[in-house]
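Right, one structure below, let's go through it.
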Amino acid sequence: MSDLSAVKPGSLSPADLKPLPEVKTSTPEEVAQAVRAARSAQVTWGQTRQSEREKAMRAFARAMLERREEGMKVMCAETGRDPVENLMSDLVSAGDFAAAAIRASRKALATEPIPLSPINYPGKRAYIEAVPRGVIGIIAPWNYPVLNFLKGIFPALLGGNGLVLKPSEYTPRTGQWLAGLLQQVTPTGLVQVVTGGGSVGQALLESGIDGVVFTGSVPTGRKVAARAGELLIPCSAELGGKDAAIVLADCNLARTVAGIAQWGFHNAGQDCAAIERVYVEDAIAEPFVQRLAAFASKLRVAPGAPVSDFGPMQSTAQLAIVEQHVKEAVEKGAKVVAGGARTGPGLGFQATVLDHCTQQMKVVSEETFGPVLAVIRVKDAEEALRLANDSRYGLNGSVWTQDLARGEALARRMEVGIAQVNSHALVGILPEIPWTGTKETGAGVSNSRHAYPTFVRRRTVFIDKNKGPDPWWMPADESSKPFSEALARQQLGQTSALFQLLGLLGKRLKAIKSLAGG
Ligand code: NAD
């Protein structure tokens, strides 16, 4: 392979290194114009009835499903993945996703009445309502060029906002395709797309957006969150991962091997929630590793005929990280029991299993983002838990066992945002469940009603229908102290205080009215 490090990101197909059509980089003025156009269309959209917004989002999901062949082709060209993999991961669930996202939005956007004590706050009522923030910017990575947008698109538009999408420089065409579908079902101008790399993401932040959804690496996430902090706009930052699976001796071996391979190798491990570390109890380590290695050795990397299991690395930079991690692990004593090498014609890397890994290896401590499973043999579940938690990241964690109660208890002790038993990361396509992490994975929450602070602000509405003044208003006089005392005692459950309050009420109102001239 010739030196591709100088090639413009996203200009070659990772599958066969053939050139892709040129995509223009948006200028700062074009980015600013996109935000202005979205803001102007948002004024009406923000007042549209909820049912109308839901209708538009259902139409969007329908368009994704109906035009899935077209979307799949765009994605295949940019990612090099197998068509079926693209379809399964990014498109095929669009209808269910929309239905669930709409259900979540109804909870998040519902007006909330606030109960107020009629004794302390007579004649008053209050409620909290959701108000669109304005224009939301979504800055996305390349690894799931549709899915990573959906978790922001639905709450942003259902919440009444305008939207500017900034796809990764590696997958701009998919972002444009997606924006095109949205533009057909929403008012003119409401949804915009800008293309280019980090400088375009920066320009978007500087263009007056009212909230940002960022998904990507930790270093970029820090910069985006810091700038959003300075701008005082909400920022949801969903960053890297280094997910661990704990395999207990009583697991269903065949299912566990298939499950770990699935969640470790799909999308070539280019998944923030890919299993990258496998802590396996000594008692089952030998047969587990043998079966996992045999499984991995049979997996095929796209482009393959007629079907392949996962695609190539997205970029030469990503491929270099994977190779470097494997090389370093081997130098430090890990054993390659499956894969370990590139596969052509593009940027493919074989499904790789490394046995006898340790916490000191990069393949265990840093995000590899490749089709590499690092197996760490441990003496028992407690050691597995301690080592699994010894990580900078905390997205998903899973325990594989037939003892569901024990598995659940152990999974809940993992320092992660999503704890699972006998499954891993599936909740990413279930928009009623929060997708969230801890530590350097970031504090962002996407999906579910818990994601909405990025998309709507809360407005409190407080209405006082009292015709007269409230008894605690100025001026203070000799009745003020006993009145406040009675208020306190009444909250302590002393019924005599209630009668005292009623007695003092007249005095207080008289004092206020005499000063106010009522
Ligand atoms: P990246 O940080 O390089 O880029 C992400 C996006 O940010 C791209 O659109 C990029 O153009 C833009 N960008 C770069 N510099 C910027 C800046 N200074 N200001 C604003 N925008 C800027 O990440 P990537 O390589 O595209 O994606 C891979 C990373 O994403 C991995 O670390 C992965 O774990 C993470 N990821 C996390 C989740 C999650 O839900 N936690 C999901 C998918 C991917």
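The basis for the numbers below is simple: all heavy atoms, side chains too, and nothing from hydrogens, waters or symmetry mates. Order of listing sets the numbers, starting from 1, for every ligand and every atom in it.
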(request) Look at atom 41 (N) of ligand 1 and say which protein heavy atom is nearest, naming residue and atom and giving the distance to 0.1 Å. (result) L239 O, 2.7 Å
(message) If you count every heavy atom of other residues, nucleotides or ligands that lies below 6.0 Å from R58 atom CZ, does the total exceed 12?
(response) yes
(message) Quick test: of every protein heavy atom, which one is nearest to atom 24 (P) of ligand 1, and how far off is it to 0.1 Å?
(response) W142 NE1, 3.5 Å
(request) Examine the side chains of R173 and Q176 and answer whether a donor and an acceptor come within less than 3.5 Å of each other. (result) no
(request) Specify the protein heavy atom at minimum distance from atom 38 (C) of ligand 1: its residue, its atom name, and the distance to 0.1 Å. (result) C272 SG, 3.0 Å
(message) Restricting to non-hydrogen atoms, name the atom on M64 and the atom on A94 that form the minimum distance, rounded to 0.1 Å.
(response) CE-CB, 3.7 Å
(message) Quick check: F154 with F97 (ring centres under 6.0 Å apart)?
(response) yes
(request) Write out the residue and atom name of the closest protein heavy atom to atom 2 (O) of ligand 1, then the distance separating them to 0.1 Å. (result) S217 OG, 2.6 Å
(request) Would you mind checking which non-hydrogen protein atom is closest to atom 21 (N) of ligand 1, with the distance to 0.1 Å? (result) G201 CA, 3.6 Å
(request) Compute whether any side-chain donor of one residue and acceptor of the other, for D82 and S308, lie under 3.5 angstrom apart. (result) yes
(request) Just let me know how D271 lines up against ligand 1, side chain, backbone, both or neither, with a heavy-atom cut-off below 4.0 Å. (result) neither
(request) Measure F369 to ligand 1 on non-hydrogen atoms and call it side chain, backbone, both or neither using the 4.0 Å cut-off. (result) side chain
(message) So for ligand 1, is T220 a polar contact partner (N or O within less than 3.5 Å, distance only)?
(response) yes
(request) Determine the sole option in V247, D355, T256 for which the side chain to side chain contact (heavy atoms under 4.5 Å, CB included) test with V278 is passed. (result) V247
(message) At less than 4.0 angstrom from any non-hydrogen atom of E169, what atoms of ligand 1 do you find?
(response) 8 (C), 10 (C), 11 (O)
(message) If the cut-off is 4.0 Å to any non-hydrogen atom of K166, which atoms of ligand 1 fall inside it?
(response) 8 (C), 9 (O), 10 (C), 11 (O)
(message) Heavy atoms only, cut-off 4.0 Å: how does I139 contact ligand 1, side chain, backbone, both, or neither?
(response) side chain
(message) By the definition side chain to side chain contact (heavy atoms under 4.5 Å, CB included), identify the one residue from T441, I418, N396, V416 that meets it with D243.
(response) N396
(message) If the test is side-chain hydrogen bond (donor to acceptor under 3.5 Å, both in side chains), which one of E30, E29, R36 qualifies with Q33?
(response) R36
(message) Is the contact between A140 and ligand 1 made by the side chain, the backbone, both, or neither, using heavy atoms and a 4.0 Å cut-off?
(response) backbone
(message) I'd like to check which ligand 1 atoms, numbered from 1 as shown, lie under 4.0 Å from a non-hydrogen atom of G197.
(response) 11 (O)
(message) Please tell me whether T368 and K362 have a donor and an acceptor in their side chains that are separated by less than 3.5 angstrom.
(response) no
(request) Decide whether N143 and N267 meet the rule of one side-chain donor and one side-chain acceptor closer than 3.5 Å. (result) no
(message) Please list all pairs meeting side chain to side chain donor-acceptor pair (under 3.5 Å) that have one or both residues in residues 218-233, counting only residues at least two apart or in different chains.
(response) E206-R227, S217-T220, R227-E230
(request) Compute the minimum heavy-atom distance from W435 to ligand 1 and say whether it is under 4.0 Å. (result) yes
(request) For atom 35 (C) of ligand 1, find the nearest protein heavy atom and state the residue, atom name and distance (0.1 Å precision). (result) G216 O, 3.2 Å
(message) One residue to check: F214. Relative to ligand 1, which of side chain, backbone, both or neither has a non-hydrogen atom less than 4.0 Å away?
(response) side chain
(request) Return a yes/no value for N143: is any of its N or O atoms, backbone included, closer than 3.5 angstrom to an N or O of ligand 1? (result) no
(request) Answer yes or no: does an N/O atom from G196 fall short of 3.5 Å to an N/O atom of ligand 1? (result) no
(message) If the cut-off is 4.0 Å to any non-hydrogen atom of V224, which atoms of ligand 1 fall inside it?
(response) 19 (N), 20 (C)
(request) Have a look at ligand 1 and work out which part of L204, if any, has a heavy atom under 4.0 Å from it: side chain, backbone, both or neither. (result) neither
(request) Among all protein heavy atoms, pick out the one at the shortest distance from atom 27 (O) of ligand 1; state its residue, atom name and that distance to 0.1 Å. (result) P141 CB, 3.2 Å
(message) Checking the side chain of S93 only, and the main-chain atoms of D96 only, is there a donor and an acceptor separated by less than 3.5 Å?
(response) no
(request) Consider only side-chain N and O atoms of S11 and E22, and report whether a donor and an acceptor are under 3.5 Å apart. (result) no
(message) Taking the side chain as everything from C-beta on, heavy atoms only, tell me whether S391 gets closer than 4.5 Å to R277.
(response) yes
(request) Mind checking whether V200 contacts ligand 1 via backbone (N, CA, C, O), side chain (CB onward), both or neither, at a 4.0 Å heavy-atom cut-off? (result) neither
(message) Closer than 4.0 Å to some heavy atom of S168 - which atoms of ligand 1 meet that?
(response) 9 (O)
(request) Would you check whether E367 has a nitrogen or oxygen atom less than 3.5 angstrom from a nitrogen or oxygen atom of ligand 1? (result) yes
(request) Taking side-chain hydrogen bond (donor to acceptor under 3.5 Å, both in side chains) as the test, write out the residues that go with R53, two or more places apart. (result) Q50
(request) Check whether any side-chain N or O of Q420 sits under 3.5 Å from a backbone N or O of A425 as a donor-acceptor pair, and report yes or no. (result) yes
(request) Check each of G198, P219, G442 against atom 17 (C) of ligand 1 and report the one with the nearest heavy atom. (result) G198
(message) Would K151 count as a contact residue for ligand 1, given that I'm defining contact as a non-hydrogen atom of the residue lying under 4.0 Å from a ligand atom?
(response) yes
(request) Show which atoms of ligand 1 fall inside a sub-4.0 Å distance from at least one heavy-atom site of Q202. (result) 17 (C), 18 (N), 19 (N), 20 (C)
(request) Would you verify that at least one protein heavy atom lies under 4.0 Å from atom 4 (O) of ligand 1, or report that none does? (result) no
